[in-house]
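Structure record follows, encoded as structure tokens.
Count residues from 1 along the sequence. First listed ligand is number 1; within each ligand, the first listed atom is number 1.
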Amino acid sequence: MVLEPVPGARCDSESYYYCYSFDRELEQEWTWTERYPRQPEIKAYLDHVADRFDLRRDIRFSTTVTGARADADGRGWTVSVQEGTDLHCRFLVTAVGCLSAANVPDLPGLETFAGRWFHTGRWPHEGVDVTGRQVGVVGTGSTGIQAIPVLAREAAHLTVLQRTPNYSVPARNGPLSEAESRSYKADYADIRAVQAASANGHPFVVNPQSALEVDAAERDGVYRAAWERGGLRFRASYRDLLADEEANETASEFVRDRIREIVRDPETAARLLPHDHGFATKRPPIDTGYFETYNRDDVTLVDVRADPVEAVVPEGLRLRSGAVHELDDIVFATGFDALTGPLLRLDPTGPDGTSLRSAWWDGPRTYLGLAVSGFPNLFTITGPFSPSVLTNMPSSIEQHVDWIAGCLAHLRATGADRIEADPGAEQAWGEHNREAADATLLPRAATSWYLGANVPGKPSVFMPYAGGFARYAGTCADVARDGYRGFRLGHRRAVA
Ligand code: NA7
């Protein structure tokens with residue numbers, strides 16, 4: 001069977017809120033078919049939105065931006081594209097995504113591999129057939145965990161090369177009934193209000209209790225119910241799961257117990273037990289039959305923390321010990337150069353000739369994750385130090401788009417043609433980010449891509465804003481209300 005798109009890939013927010021909220025009619029007319037849809041359904045939705053709001057006439061498709069440089073007076077940008085001539089604009093808004101720069105391990109010998117290799121972030125549009133093949137998967141993050149059960153069913157044999165054992169909670173995916181669709185459509189006003197007031201842009205309330213203020217039996221009941229319900233809501237079982245190590249350990253151990261229960265071979269189960277970080281301190285995956293897959297005879301789990309992948313050889317992957325895993329196909333589910341990667345690959349240049357890459361040599365600096373000092377008239381949707389990947393992404397994207405649109409309207413109304421983040425405001429925002437992250441357990445997960453740890457040589461900086469979505473959106477609104485506090489606005493002087 002041709003696996004298209006990426007095997008098993010689903011969004012991990014539920015469909016009824018992994019969508020736009022700006023139009024009440026749009027909410028009512030679109031009906032999702034599954035709790036967690038596949039890429040083709042999400043694409044069909046986006047096509048529908050593009051047509052419904054007549055957006056295509058403003059989009060140039062199949063256009064690769066190769067660079068952007070600010071005008072010397074900081075009042076405009078020249079954007080270079082691979083196809084055609086340069087473009088000029090007054091304001092440049094990047095929407096390059098947080099997880100779009102594929103992280104392919106820099107392994108010697110990749111070009112000598114006799115089989116096929118793929119990165120999940122660059123899966124061929126026409127799909128891939130792995131029927132009857134020896135397949136290796138490198139990586140057990142959200143993507144690997146979703147792909148592994150599907151690849152195992154199709155391949156002759158699947159070898160999973162795991163560096164860091166991960167937690168996962170069942171997604172409990174399934175079709176949405178007519179009654180469920182009617183119910184969420186009827187409740188949209190309330191759903192959106194809960195999302196707006198939440199820490200993560202999800203429409204559920206975090207249990208205000210501490211995991212430590214109830215006895216073990218009650219806690220077990222709460223976790224079991226959350227496990228059965230499935231999805232990211234498990235994380236909302238208690239308010240302190242991401243703030244207190246002891247509280248977190250109760251959830252971590254609950255998931256470890258489920259792994260011990262599901263996986264029949266005790267050695268494999270032991271290898272799958274997460275031990276170096278707490279539940280949800282790295283991005284928490286949700287899955288469909290992930291741990292169960294290790295009960296198959298045609299699946300092998302290899303620990304590449306103890307014995308790392310050292311090279312690609314024509315026959316497959318060679319580990320440091322010299323062991324070679326013979327493979328027909330290698331699937332790198334090795335994640336992304338997150339948050340900063342897509343912006344640094346664009347590498348805009350400011351009015352004084354400074355590139356973003358040199359300005360961020362030791363890590364990102366932004367004001368609100370929306371703007372960068374030294375780069376006037378540039379806005380970065382879901383940039384570093386905004387809540388972005390810690391939230392339901394559509395919520396964060398809409399909040400940024402609305403804020404930027406409001407800012408542009410303000411500039412136009414007041415005759416300003418230049419806006420730049422103040423370096424002092426940017427520095428204070430960076431410090432606030434560090435404090436917000438340090439108030440949680442999130443920076444303690446040493447191998448987290450939130451910290452850039454998955455990309456060799458990347459500066460270790462906790463990149464998403466951990467202070468919560470509602471609080472962040474409130475701050476952005478206050479900044480605008482205070483006349484764009486922390487920004488320098490410029491008006492073109494009248495020519496005498
Ligand atoms: P992730 O979550 O970054 O996972 C990547 C996985 O690949 C993770 O298990 C890594 O281990 C592993 N990895 C990366 N490089 C290597 C090398 N060189 N050798 C062995 N293993 C390696 O990416 P995903 O695509 O799964 O998910 C990204 C996000 O997309 C997801 O969270 C959703 O928000 C959507 P590590 O843990 O670093 O030891």
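- In terms of the ring-ring contact (aromatic ring centres under 6.0 Å, His included) criterion, residue partners of H48 (sequence neighbours excluded) are, by chain and number, W30.
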- prompt: Can you list the steps and then say if R256 with E249 is a salt bridge (charged side-chain N to carboxylate O under 4.0 Å, His left out)?
  reply: CA-CA 10 Å; R256 287 189 208 107; E249 181 56 20; 2.9 Å; yes
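- Salt-bridge formation is detected for the pair R444/E245: a Lys NZ or Arg NE/NH1/NH2 atom is positioned less than 4.0 Å from an Asp or Glu carboxylate oxygen.
- For Y18, there are no ring-ring contact (aromatic ring centres under 6.0 Å, His included) partners at least two apart in sequence or on another chain.
- Cation-pi contact between R296 and Y294: absent, since separation from the ring centre below 6.0 Å together with deviation from the ring axis within 45° is not met.
- Using a heavy-atom distance under 4.0 Å as the criterion, the protein contacts of ligand 1 are L99, P105, V138, G139, T140, G141, S142, T143, R163, T164, K282, R283, R305, A333, T334, G335, F336, T447, W449.
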Would you tabulate the side-chain donor-acceptor contacts of residues 6-15 under 3.5 Å, counting partners in other chains and residues two or more places apart, or write 'none'?
unit_1	atom_1	unit_2	atom_2	d
R10	NH1	E34	OE1	2.7
R10	NH1	E34	OE2	3.1
R10	NH1	Y36	O	3.0
D12	OD1	R283	NH2	3.1
D12	OD2	R283	NH2	2.9
S13	OG	N392	OD1	2.8
E14	OE1	R35	NE	3.2
E14	OE2	R35	NE	3.4
E14	OE2	R35	NH2	3.2
S15	OG	E34	O	2.7
S15	OG	R35	O	3.4

